[in-house]
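No experiment lies behind these values; they were computed from the predicted model shown.
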Amino acid sequence: MMSPRVWSSVRQGLSRGLAPNVRGLASGEGRKVDIAGIHPPVTTPFTATAEVDYGKLEENLHKLGTLPFRGAVGGVCALANVLGAQVCQLERLCLTGQWEDAQKLQHRLIEPNAAVTRRFGIPGLKKTMDWFGYYGGPCRAPLQELSPAEEEALRVDFTSNGWL
């Protein structure tokens, strides 16, 4: 969803091109308003049992990957619990238009992000918090701690991208 500040500037831009002027004609008569970069917000799809529908989410992301826009508002910010500085750096790179560096950093964050959200969920996030010197703490029922094999797979997701 667009922030109020961004939406306000979009509305102002649209109204300048479409609002009647003193002669009763549109001030932007003869010009088209380009709204090609305005897309609906991306929401997280849920199943009937209130679980995240990862299949539908992946399908939505593939569709969105074909759209010619850059940027996003919102997100699942679990990764920021362990790689907060890097997530903030990604935002700074985007805000300053350093798209190539932002893309490189984002690609290094994809696997760890998937690991602490979709793949291993809260148990994975808690384990990585412990690795990074934070207190992840034990899992509460019904969640289970990661098995040794899962913990090793989680470690690979972080080491292969240079974070551990």
Side-chain angles (χ1 to χ4, degrees), residues 1-10 35-164:
M1 190 160 168
M2 287 192 234
S3 71
R5 189 181 83 201
V6 172
W7 186 240
S8 174
S9 70
V10 169
I35 59 170
I38 300 173
H39 301 281
V42 179
T43 59
T44 304
F46 290 95
T47 65
T49 59
E51 298 292 321
V52 174
D53 184 342
Y54 289 105
K56 182 66 177 166
L57 180 61
E58 186 173 2
E59 181 184 315
N60 291 349
L61 293 174
H62 283 290
K63 285 180 188 173
L64 289 169
T66 65
L67 297 175
F69 73 94
R70 293 183 175 170
V73 175
V76 177
C77 301
L79 187 63
N81 286 288
V82 291
L83 295 175
Q86 293 81 359
V87 172
C88 290
Q89 177 65 19
L90 179 59
E91 180 192 27
R92 280 191 295 279
L93 290 169
C94 291
L95 291 174
T96 58
Q98 298 176 61
W99 299 114
E100 288 180 25
D101 290 338
Q103 185 179 38
K104 287 176 189 172
L105 178 57
Q106 182 184 22
H107 285 174
R108 289 182 59 213
L109 294 170
I110 289 172
E111 279 185 89
N113 185 65
V116 298
T117 56
R118 178 184 60 188
R119 191 165 176 206
F120 300 110
I122 292 170
L125 178 60
K126 287 176 166 289
K127 180 55 71 177
T128 57
M129 288 179 71
D130 290 340
W131 292 343
F132 283 87
Y134 304 107
Y135 178 70
C139 290
R140 293 183 290 177
L143 299 177
Q144 302 289 316
E145 300 291 331
L146 298 178
S147 70
E150 290 172 325
E151 186 174 332
E152 182 56 32
L154 177 63
R155 186 176 295 278
V156 167
D157 286 339
F158 277 81
T159 56
S160 66
N161 290 286
W163 303 117
L164 281 176

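The OH atom of Tyr54 sits 13.5 Å away from the CZ atom of Arg119 when rounded to the nearest 0.5 Å. For the atom pair CD (Glu59) and NZ (Lys56), the distance works out to 4.0 Å, reported to the nearest 0.5 Å. In this structure, CD in Glu150 is found 12.0 Å from CD in Glu152, a value given to the nearest 0.5 Å. Distance check: Glu58 CD to Asp53 CG gives 10.5 Å after rounding to the nearest 0.5 Å. For the atom pair CD (Gln86) and CG (Asn113), the distance works out to 12.5 Å, reported to the nearest 0.5 Å. Leu146 contributes atom CG, which lies 11.0 Å from atom CZ of Arg155 (distance to the nearest 0.5 angstrom).
Checking side-chain atoms of Arg108 against main-chain N and O of Asn161 turns up a donor-acceptor pair under 3.5 Å. Side-chain atoms of Glu145 do not come within 3.5 Å of backbone N or O of Pro138 as any donor-acceptor pair. Side-chain atoms of Asn81 come within 3.5 Å of backbone N or O of Ala78 as a donor-acceptor pair.
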Inset, instruction - Just do the side-chain contact (heavy atoms from CB on, under 4.5 Å) check on Tyr134 and Thr128 with the steps written out, would you? - result: CA-CA 8 Å; Tyr134 304 107; Thr128 57; over 6 Å; no
Inset, instruction - With side-chain contact (heavy atoms from CB on, under 4.5 Å) as the test, would you mind laying out the steps for Lys126 and Leu143 before giving the verdict? - result: CA-CA 11 Å; Lys126 287 176 166 289; Leu143 299 177; 5.9 Å; no
Legend entry - side-chain contact (heavy atoms from CB on, under 4.5 Å) between Trp131 and Glu151, intermediate numbers included: CA-CA 11 Å; Trp131 292 343; Glu151 186 174 332; 3.7 Å; yes
Legend entry - Pair Leu109-Trp163, side-chain contact (heavy atoms from CB on, under 4.5 Å): steps then yes or no: CA-CA 9 Å; Leu109 294 170; Trp163 303 117; 3.7 Å; yes
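In this structure the side chain of Leu164 reaches within 4.5 angstrom of the side chain of Phe132, judged on heavy atoms. Using a 4.5 Å cut-off on side-chain heavy atoms (C-beta onward), Leu57 and Arg118 make no contact. Side-chain contact check for Cys88 versus Arg92: some heavy-atom pair is nearer than 4.5 Å.
Between Leu90 and Ala102, the shortest heavy-atom contact is CD1-O, 3.2 Å. When all heavy atoms of Gly124 and Leu154 are compared, the pair lying nearest together is O-CD2, 3.5 Å. Residues Leu105 and Gln89 share a closest heavy-atom pair of CD2-CG, 3.9 Å.
Using modelled atom types, one finds no donor on one side chain facing an acceptor on the other under 3.5 Å when comparing Glu51 with Thr49.
The local environment of CD1 in Ile122 is sparse, with at most 12 non-hydrogen atoms from other residues, nucleotides or ligands closer than 6.0 Å.
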